[in-house]
Number of protein chains: 2
Amino acid sequence: MSEKFIPPRDYDSLKTLMIARKPDLPRRLAQVAEFAVASPDELAFGTAATVAEMADVQPSTLVRFAKSLGYDGFSDLQTVFRSRLRDRWPDYDERLEALRKRSENDTHALFADFCNTAVASLRRLQDGVDPEELERAVAILAKARIIYLVAQRRAFPVAAYMAYALSKMRLPTVLVDNVASLGPEQMLAAGAEDAMVAISFTPYAPLTVEIANKAAERGVPVVAITDSAFSPLAHGAAARLDVVESDLGAFRSLSGTLCLAMALCVAAAEKKRG
Amino acid sequence: MSEKFIPPRDYDSLKTLMIARKPDLPRRLAQVAEFAVASPDELAFGTAATVAEMADVQPSTLVRFAKSLGYDGFSDLQTVFRSRLRDRWPDYDERLEALRKRSENDTHALFADFCNTAVASLRRLQDGVDPEELERAVAILAKARIIYLVAQRRAFPVAAYMAYALSKMRLPTVLVDNVASLGPEQMLAAGAEDAMVAISFTPYAPLTVEIANKAAERGVPVVAITDSAFSPLAHGAAARLDVVESDLGAFRSLSGTLCLAMALCVAAAEKKRG
DNA sequence: CTTTATATGGAATTTTTATTTCATTTATTG
DNA sequence: CAATAAATGAAATAAAAATTCCATATAAAG
């Protein structure tokens with residue numbers, strides 16, 4: 001019935017395959033190929049019935065088409081069209097599942113999964129960040145006298161890295177690390193001519209929220225790096241950058257947040273100079 | 001049951017509505033709103049069951065949520081999320097194109113560059129890491145009583161993140177942060193039944209090198225995350241993982257190192273348990 | 001022109017998915 | 001603190017979807 005080919009899992013390869021095969025395909029299957037190349041969106045969103053209607057074939061023909069290309073069926077084929085629209089790799093869910101039932105000593109595969117998750121995060125974030133908000137954030141940091149960095153727990157490494165990068169570029173920086181529970185005191189000197197970067201994701205660390213909002217009340221412009229408009233940091237923020245990281249199991253990637261942080265630092269330093 | 005509102009048919013209005021309504025919504029419905037705003041792609045593609053799983057609610061809650069907003073049901077609500085992807089896609093290529101021809105003062109483009117650099121780093125690293133060495137490192141960490149983490153300057157955020165992750169997974173951890181210059185003292189209690197992760201890249205932070213080598217001399221197995229066999233950490237290391245990150249200007253990506261660190265932590269925790 | 005293989009449409013079947021219902025828990029009000 | 005209302009989880013049900021099957025049509029080979 002179907003070939004033993006391993007069918008492509010990404011849209012570009014599939015498109016190439018469909019174009020290559022079309023001449024040899026029976027009439028109705030060729031018709032499907034043509035429609036699929038012309039209207040990949042419909043394939044991604046439609047049901048077998050609606051796609052069949054639009055391509056002017058029977059639903060069963062769609063299943064045959066999918067199988068002739070080596071897929072399990074229409075649903076399997078459809079995942080490839082969907083992967084085109086989202087920045088994830090096609091068999092994400094299955095991989096996650098596989099992750100759970102992994103043999104313990106396959107660390108390298110685990111590492112590869114973390115890498116893939118990070119890449120997915122980065123790709124998604126690249127489109128997701130609002131350029132205007134980013135520009136606003138840079139402007140705030142560029143004109144600040146001192147930049148205060150606040151983050152706890154999972155987000156702390158990002159602030160630590162920013163502290164390193166900003167200091168390297170000679171921008172005065174205070175990392176509010178809450179050593180000896182002096183967090184609240186560490187930013188008492190901050191005023192309207194300074195700026196604060198507050199980083200927090202669900203579940204929001206209370207200290208970060210408290211310090212950021214107190215600073216905002218006192219007129220310190222706060223750049224919030226968080227995950228949505230629902231964040232408790234959102235209210236007082238002069239600029240808000242939303243980062244939604246992919247996660248693998250219980251562990252969220254930090255790659256996107258770090259890239260964003262880095263871009264912020266470098267852009268602010270450049271702006272201040274130039 | 002449901003309101004007589006005519007619910008929004010475009011994503012932007014829906015998003016606004018969800019943000020506005022969230023505070024008044026019952027707990028689980030608010031949870032759905034939050035998830036929907038954070039991961040609209042999932043809403044577009046997923047089934048009620050998969051979305052429910054990801055948002056950590058029951059499928060029925062999704063239906064209730066949709067109805068509380070005035071939609072017929074989940075399917076009706078979903079069409080709005082799908083329309084968003086349909087509308088958005090066409091200008092994607094143009095955006096990418098615009099991104100390439102950027103002016104220097106475009107922060108968003110800078111951000112994109114950092115993302116691309118990070119992706120390159122990750123891809124390269126994925127092939128570059130030695131699986132055997134990785135396995136050895138995991139074994140060392142898995143049988144350790146306490147894991148000491150040493151890193152300074154640029155590498156410090158990685159150690160900080162490992163400290164967070166390992167603690168979350170209930171592996172006893174000491175982050176040697178050198179607060180009050182107590183770095184050398186922070187690891188005095190370490191012995192052969194413990195383990196140390198030392199992270200350092202050129203130009204190697206003297207303190208990290210000193211602490212790692214002193215630990216090694218005293219019989220503590222050291223896992224070194226560094227950049228080559230020439231690293232001063234190489235000599236005493238029981239396992240050495242080389243990470244070569246791509247860099248953009250003066251700033252090196254940390255993405256690869258972070259992924260590796262994460263994989264190490266999770267693998268070690270799994271091994272210890274299983 | 002017959003025979004055989006392949007392709008197709010349409011209905012039947014199976015599987016998946018959304019929705020509803022109801023018992024139980026959690027919050028609210030008097 | 002009891003009574004009542006609202007919210008929730010889990011299972012039952014209804015709806016929709018994909019897939020398979022089979023009778024028929026079409027093309028290819030002898």
Side-chain angles (χ1 to χ4, degrees), chain A residues 1-3 7 14 18 21-36 39-83 90-94 97, chain B residues 1-3 7 14 18 21-36 39-83:
Chain A
M1 180 197 288
S2 65
E3 352 249 310
L14 172 57
M18 288 193 296
R21 282 283 189 80
K22 196 192 159 200
D24 310 325
L25 250 33
R27 197 174 108 256
R28 295 258 109 131
L29 299 195
Q31 197 176 321
V32 173
E34 184 164 342
F35 180 80
S39 313
D41 280 13
E42 304 301 340
L43 268 286
F45 288 113
T47 66
T50 62
V51 173
E53 160 103 45
M54 286 186 283
D56 192 27
V57 295
Q58 291 288 325
S60 47
T61 305
L62 293 179
V63 177
R64 283 185 204 116
F65 175 75
K67 293 199 168 176
S68 82
L69 258 43
Y71 295 93
D72 287 350
F74 177 73
S75 303
D76 190 25
L77 173 69
Q78 195 174 39
T79 61
V80 179
F81 284 90
R82 291 186 169 181
S83 78
D91 46 358
Y92 183 79
D93 288 327
E94 294 125 58
E97 201 44 49
Chain B
M1 180 196 290
S2 65
E3 351 249 312
L14 171 57
M18 288 193 295
R21 281 283 188 80
K22 195 201 164 200
D24 312 323
L25 250 32
R27 196 173 111 258
R28 295 257 106 127
L29 299 195
Q31 197 175 319
V32 173
E34 184 162 341
F35 180 81
S39 313
D41 284 14
E42 304 301 341
L43 269 284
F45 287 113
T47 65
T50 61
V51 173
E53 159 105 44
M54 285 184 282
D56 193 28
V57 296
Q58 292 286 326
S60 49
T61 305
L62 294 179
V63 177
R64 283 187 203 114
F65 175 74
K67 292 199 168 175
S68 82
L69 257 44
Y71 295 93
D72 288 348
F74 176 73
S75 304
D76 190 24
L77 172 69
Q78 195 174 38
T79 60
V80 179
F81 284 90
R82 292 188 168 178
S83 77

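Numbered from 1 within each chain, the chains take letters A, B, ... in sequence-line order. FYI, side chains are in, hydrogens and waters are out, and symmetry mates aren't considered; it's all heavy atoms of this structure.
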Does [N] have OP1 or OP2 sitting under 4.0 Å from an N or O in the side chain of [X]?
| X | N | answer |
| --- | --- | --- |
| A:Ser75 | D:dA17 | no |
| A:Lys67 | D:dT20 | yes |
| A:Gln58 | C:dG10 | yes |

Next item on the list: Select from B:Pro59 and B:Asp24 the residue whose nearest nucleotide in DNA chain D is closer to the 5' end of that strand.
Entry: B:Asp24
Minimum heavy-atom distance [X]-[Y], with the two atoms named:
| X | Y | value |
| --- | --- | --- |
| A:Ala48 | A:Leu62 | O-CD1, 3.2 Å |
| B:Leu43 | B:Ala36 | CD2-CA, 3.9 Å |
| B:Gln78 | B:Ala44 | NE2-O, 3.5 Å |

Notebook entry, point to check: Is A:Glu34 atom CD crowded by more than 12 heavy atoms from other residues, nucleotides or ligands, each under 6.0 Å away?
Noted result: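 No, not enclosed.
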Rounded to whole Å, please give me the gap between [atom1] in [X] and [atom2] in [N].
| X | N | atom1 | atom2 | value |
| --- | --- | --- | --- | --- |
| A:Leu62 | D:dA17 | CG | P | 14 Å |
| A:Gln78 | C:dT16 | CD | P | 15 Å |
| A:Arg64 | D:dA18 | CZ | P | 15 Å |
| A:Phe45 | D:dA18 | CZ | P | 15 Å |
| B:Gln31 | D:dA7 | CD | C1' | 13 Å |
| A:Phe65 | D:dT19 | CZ | P | 14 Å |
| B:Phe74 | C:dT16 | CZ | C1' | 14 Å |
| A:Asp72 | D:dA17 | CG | C1' | 17 Å |

Side chain of [X]: nearest nucleotide among [options]?
| X | options | value |
| --- | --- | --- |
| A:Leu29 | C:dT19, C:dT8, D:dA10 | C:dT8 |
| A:Thr47 | C:dA7, C:dT20, D:dA18 | D:dA18 |
| A:Val63 | C:dG10, C:dT20, D:dT20 | D:dT20 |
| A:Ser60 | D:dT8, D:dT19, C:dG10 | C:dG10 |

Notebook entry, point to check: When all nucleic acid strands are considered with a 4.0 Å heavy-atom cut-off, which category describes B:Arg27: base, sugar-phosphate, or nothing?
Noted result: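 It contacts sugar-phosphate atoms only.
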Notebook entry, point to check: Are B:Phe45 and A:Phe45 close enough that their ring centers fall under 6.0 Å?
Noted result: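 Yes, ring centres under 6.0 Å apart.
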